[in-house]
J.: 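Let me begin by handing over the structure; questions about it come next.
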Amino acid sequence: MGELVAAEFLKLRTTRAFWIIVAITFVLMGLIALGFSAATDLESDDDLRFSLSTEGGGIMALILAVVGTAGEYRHNTITAAFLVTAERWRVVAAKVLAYALAGIALGLLSQLLVGAIVAIWYLAADAPSALPERDALELLVGSAGYWAFMAVLGVGLGLLMKNQAAAIVLALVVLFVVQPTIAALEPDVAKFLPTAVGSAFAQTSDPGDTELLASGTAIAVAFVYVALTSGAAAYVLDRRDVT
Amino acid sequence: MAVIAVNALTKRFGQTTAVQDLSFEVGEGVVAGFLGPNGAGKTTTLRVLLGLISAASGNATIGGRRYRDFAQPIRTVGAVLDGAAAHPGRSGRDHLRILARASSIPHTRADELMEYVGLAGAAQRRVGGYSLGMRQRLSLAAALLGNPRVLILDEPANGLDPQGIRWLRDLLRHRADNGGTVLVSSHILSEVDQLADEVVLIDHGKLIVQAPVAELTTGATARVRVRSPQADQLAALLTERQFQVERGEPGALAVVGQGPEAVGEIAAANGIVLHELSSAAASLEDVFFRLTAGSEQAVPDGTLASQQPASAQGSR
């Protein structure tokens with residue numbers, strides 16, 4: 001499996017799309033950090049937590065995974081992938097692992113970037129910028145987990161949908177239309193929706209938040225989502241003719 | 001012993017039966033040409049062999065195993081498939097390195113093969129900028145990555161220049177002579193004629209014939225080509241004697257199933273001037289058209305279309 005994951009990393013870093021998405025992600029995260037910092041009063045812990053949030057950029061990990069996996073169909077490289085690795089579930093597993101790791105790396109780097117921008121902003125404003133209740137390590141782990149979760153969902157979506165644009169549009173519709181609609185109609189269900197689950201373990205120091213699951217439960221639910229999407233992708237790919 | 005074995009294979013796409021109860025075998029040290037009109041089921045058969053398409057019934061094995069049972073299949077089987085592409089934004093070298101990495105093959109093998117297929121100078125260029133022939137050479141390099149004993153190639157000469165075609169012919173011959181097995185589909189019948197030891201000919205997804213090339217062409221009917229300013233008069237005389245005459249361009253005839261002696265004697269006896277009188281041995285092309293004559297073929301939308309020249313329709 002290690003060689004397949006290494007091959008997936010090589011695929012990632014040898015295309016321009018990967019580097020373009022990474023660049024866009026960092027620019028986006030920088031703008032979000034500046035915007036969030038400017039929108040707060042720089043007074044409370046909640047203001048600081050709000051400024052440091054990277055969840056808004058997690059969609060980029062999902063887009064990266066969708067572009068990479070559905071791109072295998074767009075460019076017909078899926079044929080070569082299955083000729084080299086005939087057991088297709090191994091291809092799916094390698095992609096899940098590789099994109100989870102890429103999501104972790106992207107999440108960590110984004111969190112570091114946001115942290116640096118927010119620190120400079122707070123220093124310039126002479127505002128208190130310590131991290132009470134939540135240490136920097138927790139923040140990094142939560143952010144990395146959230147981005148990895150989004151990336152793995154993107155792997156399943158990209159492999160199942162095959163079409164990059166359709167998969168991205170579907171993801172945006174689910175995240176920004178379907179989820180809010182379900183949350184409005186059935187508030188009790190809202191905490192089980194993907195972004196709420198991700199937020200729950202991204203904010204590990206705030207288990208008292210009643211709108212989110214406890215972090216341990218959220219991680220378990222996230223694994224259910226991952227198992228369902230990856231399992232569905234493996235099942236469908238195993239039976240799909242590559243013509 | 002059969003290396004490639006297709007046993008009672010049937011594959012349907014919706015209402016269209018692409019391959020029907022097809023069986024054939026290819027042994028060690030053999031180059032087998034896989035022929036048939038467009039839509040005959042060649043590509044479908046090759047893709048079933050390579051585990052890319054599932055069969056409705058029957059099976060296709062390589063060395064007694066299904067392709068999908070190989071942990072690292074490219075060490076046993078190399079394949080060139082129409083449409084098996086490389087990412088256009090990636091360099092040719094990186095394309096090979098990815099395939100090598102996934103099979104635990106040293107990346108130096110990728111560099112060796114770029115050199116071997118004549119792409120060393122373009123190794124760092126993006127595949128999107130490659131010509132069709134260069135992309136085909138890259139596909140061949142990918143097929144050779146694991147130094148496999150078996151090669152399954154779908155139209156590998158597409159886009160290759162004459163030098164490239166000769167190089168490919170020598171390559172395949174060399175591998176077969178060293179105990180390898182090659183199954184190659186091609187619409188360039190003259191190439192198959194020169195290269196293949198035997199031919200598997202299918203139509204409508206069914207086997208028409210499997211036989212050594214020499215046996216097919218020896219058993220086929222020869223022709224005599226005639227050019228004469230009195231071609232019409234000669235044709236009438238030959239037809240009177242029950243000779244089978246085909247008209248070509250103005251002033252030319254082809255006489256089927258007769259030697260040049262018989263035709264020449266009739267011409268001389270009637271004072272007919274001849275500009276050309278030559279016999280032509282039956283070629284694989286003649287055999288192909290005779291065996292697939294009047295064929296109708298299934299096309300992807302499931303309708304039936306009359307047989308067209310090979311270049312006129314896309315293959316399935």
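All values below come from the heavy atoms of this structure, side chains included, with hydrogens, waters and symmetry mates left out. Naming: A, B, ... by sequence-line order, numbering from 1 per chain.
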J.: Measuring from B:Arg97:CZ to A:Thr14:OG1, what's the distance to the nearest 0.5 Å?
T.: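 Reported value, rounded in 0.5 Å steps: 8.5 Å.
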J.: Between A:Leu4, A:Leu10, A:Val84, A:Thr85, which has the largest tally of heavy atom pairs under 4.5 Å with chain B?
T.: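 Answer, by heavy-atom pair count under 4.5 Å with chain B: A:Val84.
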J.: Please determine if A:Asp241 and B:Lys11 form a salt bridge, counting it only when a charged side-chain N lies under 4.0 Å from a carboxylate O.
T.: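 A salt bridge is present here (some side-chain N lies under 4.0 Å from a carboxylate O).
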J.: For A:Glu3, does its backbone N or O pair with a side-chain atom of B:Arg101 as donor and acceptor, under 3.5 Å?
T.: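 No: the side chain of B:Arg101 does not pair with the backbone of A:Glu3.
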J.: Once ring pair (Phe, Tyr, Trp, His ring centres under 6.0 Å) is applied, do any residues pair with B:His95, and if so which ones, sequence neighbours excluded?
T.: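 So B:His95 forms no ring pair (Phe, Tyr, Trp, His ring centres under 6.0 Å) with any residue.
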J.: About how many Å separate CG of B:Leu50 and CG of A:Leu83, when rounded to the nearest 0.5 Å?
T.: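 Result: 5.5 Å between the selected atoms.
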J.: For a side-chain contact (heavy atoms from CB on, under 4.5 Å) check, start with the C-alpha distance between A:Val242 and B:Ile53, then their side-chain angles and the critical distance, and finish with the verdict.
T.: CA-CA 6 Å; A:Val242 180; B:Ile53 291 178; 5.8 Å; no
J.: Below 4.5 Å from any heavy atom of chain A, which atoms of B:Tyr67 appear? Answer side chain, backbone, both or neither.
T.: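 Both backbone and side chain.
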J.: Could you walk me through whether A:Lys11 and B:Asp94 pass the side-chain contact (heavy atoms from CB on, under 4.5 Å) check?
T.: CA-CA 8 Å; A:Lys11 284 181 191 175; B:Asp94 282 339; over 6 Å; no
J.: Charged N to carboxylate O below 4.0 Å: is that the case for B:Arg68 and A:Asp238?
T.: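 Yes, charged N to carboxylate O under 4.0 Å.
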J.: Are there more than 12 heavy atoms of other residues, nucleotides or ligands under 6.0 Å from atom CH2 of A:Trp89?
T.: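 Counting other residues, nucleotides and ligands, CH2 of A:Trp89 stays at 12 neighbours or fewer.
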J.: Taking everything shown except A:Arg239 itself, do over 12 heavy atoms lie less than 6.0 Å from its CZ?
T.: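 Yes - once you tally the heavy atoms of other residues, nucleotides and ligands closer than 6.0 Å, there are more than 12.
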J.: Counting heavy atoms not belonging to B:Arg12, are there more than 12 under 6.0 Å from its CZ?
T.: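 No, because the 6.0 Å sphere around CZ of B:Arg12 holds 12 heavy atoms or fewer from other groups.
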J.: Out of B:Gly89, B:Gly51, B:Pro73, which one racks up the most heavy-atom pairs below 4.5 Å with chain A?
T.: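 Most heavy-atom pairs under 4.5 Å with chain A: B:Pro73.
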J.: Checking B:Arg126 against chain A: side chain, backbone, both or neither under 4.5 Å from a heavy atom?
T.: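 Only the side chain of B:Arg126 comes within 4.5 Å of chain A.
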J.: Heavy-atom distance under 4.5 Å to chain B: side chain of A:Arg74, backbone, both or neither?
T.: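 No part of it gets close to chain B.
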J.: How close do B:Ala85 and A:Thr77 get, heavy atom to heavy atom, and via which atoms?
T.: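 Distance-wise, the nearest heavy atoms are O-CG2, 3.6 Å.
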J.: Would you kindly say whether A:Thr15 and B:Arg90 are connected by a side-chain donor-acceptor distance under 3.5 Å?
T.: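 Absent: no donor and acceptor within the cut-off.
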